[in-house]
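Have a look at the structure below, then the notes.
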Amino acid sequence: SNSISSDNTAIYLSVNRFYKNLITGIETQLTPIPTGLNLITNKILIDHTDIYRSGFSTYYKNAVEVPVTGPPFNGIADMKVLDGNIYMIRWSDGSLLNYKVFINDVETQMTSGNGRFNSIFVVKN
């Protein structure tokens, strides 16, 4: 599996080509089917009625592709969605691997030197 996500009504397990509601047992095929690096980085996120999938350098909202902008920081290391707000750790591969945190596509933090962000955790205030 690639990730486990939940909302108020379900718990979802995502794998390479589908996600499954562990309470009802219903499987939903991913559209479009992830390929290449998006296949191994595929992660499902649930926010109210919206379903997000993160990929390598793009994400999907309700099966609509949204490319990550702002090169060179366009690799997605981690992503969370809460109340329509998108929290993302992005990386840039250069002489040193660098990381930045973005909220709704606005840079809020960055690492320097060998610093690294591995994951992001978001809670409602």
Side-chain angles (χ1 to χ4, degrees):
S1 75
N2 293 332
S3 69
I4 295 177
S5 299
S6 65
D7 63 9
N8 292 332
T9 61
I11 300 171
Y12 297 93
L13 173 73
S14 70
V15 294
N16 291 339
R17 299 188 183 274
F18 67 91
Y19 62 94
K20 182 175 184 174
N21 183 325
L22 297 178
I23 295 173
T24 65
I26 296 173
E27 291 181 6
T28 304
Q29 295 297 313
L30 295 176
T31 305
I33 294 174
T35 59
L37 291 174
N38 285 326
L39 186 64
I40 59 174
T41 59
N42 182 47
K43 180 179 178 182
I44 193 95
L45 305 159
I46 308 296
D47 184 47
H48 303 290
T49 59
D50 294 320
I51 298 173
Y52 293 80
R53 285 183 13 240
S54 65
F56 184 71
S57 62
T58 189
Y59 69 91
Y60 297 85
K61 179 181 178 183
N62 300 321
V64 175
E65 184 177 16
V66 181
V68 174
T69 58
F73 288 86
N74 57 357
I76 300 173
D78 195 18
M79 177 177 162
K80 299 291 187 284
V81 182
L82 180 63
D83 293 334
N85 295 301
I86 298 172
Y87 304 82
M88 193 178 294
I89 296 174
R90 297 185 198 166
W91 57 271
S92 170
D93 192 8
S95 58
L96 291 174
L97 197 59
N98 293 304
Y99 294 83
K100 290 185 178 185
V101 175
F102 290 81
I103 301 173
N104 297 326
D105 227 14
V106 175
E107 179 187 333
T108 60
Q109 295 178 357
M110 73 174 294
T111 62
S112 60
N114 291 326
R116 179 180 188 142
F117 294 119
N118 291 316
S119 65
I120 192 165
F121 184 77
V122 181
V123 294
K124 197 170 194 169
N125 223 355

Under the side chain to side chain contact (heavy atoms under 4.5 Å, CB included) rule, what do Asn98 and Met110 come out as? Steps first, then yes or no, please. CA-CA 8 Å; Asn98 293 304; Met110 73 174 294; 5.6 Å; no

Between [atom1] on residue [X] and [atom2] on residue [Y], distance to nearest 0.5 Å:
X: Asp105; Y: Ile86; atom1: CG; atom2: CD1; value: 8.0 Å
X: Phe102; Y: Thr108; atom1: CZ; atom2: OG1; value: 8.0 Å
X: Asn62; Y: Asp47; atom1: CG; atom2: CG; value: 10.0 Å
X: Tyr59; Y: Glu65; atom1: OH; atom2: CD; value: 11.0 Å
X: Ile120; Y: Met88; atom1: CD1; atom2: CE; value: 9.5 Å
X: Lys61; Y: Asp50; atom1: NZ; atom2: CG; value: 4.5 Å

Quick one: which residue pairs count as a salt bridge (Lys or Arg N to Asp or Glu O under 4.0 Å) with a foot in residues 18-27, not counting sequence neighbours? none

Cluster question for you: counting only ILVMFWY and a side-chain heavy-atom cut-off of under 4.5 Å, with indirect links fine, are Ile26 and Leu22 together? no

Joint cluster assignment, Tyr87 & Tyr99, ILVMFWY side-chain distance < 4.5 Å: yes

Minimum heavy-atom distance between [X] and [Y], given as atom pair plus value:
X: Val101; Y: Ile89; answer: CG2-CG1, 4.2 Å
X: Tyr52; Y: Met79; answer: CD2-CE, 4.0 Å
X: Val122; Y: Leu82; answer: CG1-CD2, 3.6 Å
X: Ser54; Y: Ile76; answer: CB-CG2, 4.4 Å

By salt bridge (Lys or Arg N to Asp or Glu O under 4.0 Å), which residues pair with Asp78, not counting sequence neighbours? Lys43, Lys80

Single hit among Ile46, Thr24, Ile4 for side chain to side chain contact (heavy atoms under 4.5 Å, CB included) with Ile11: Ile4

Regarding Arg90 and the six-membered ring of Phe73, is the cationic atom NZ or CZ under 6.0 Å from the ring centre and inside 45° of its axis? no

Backbone N/O of Gly75 and side chain of Ser57: donor-acceptor pair under 3.5 Å: no

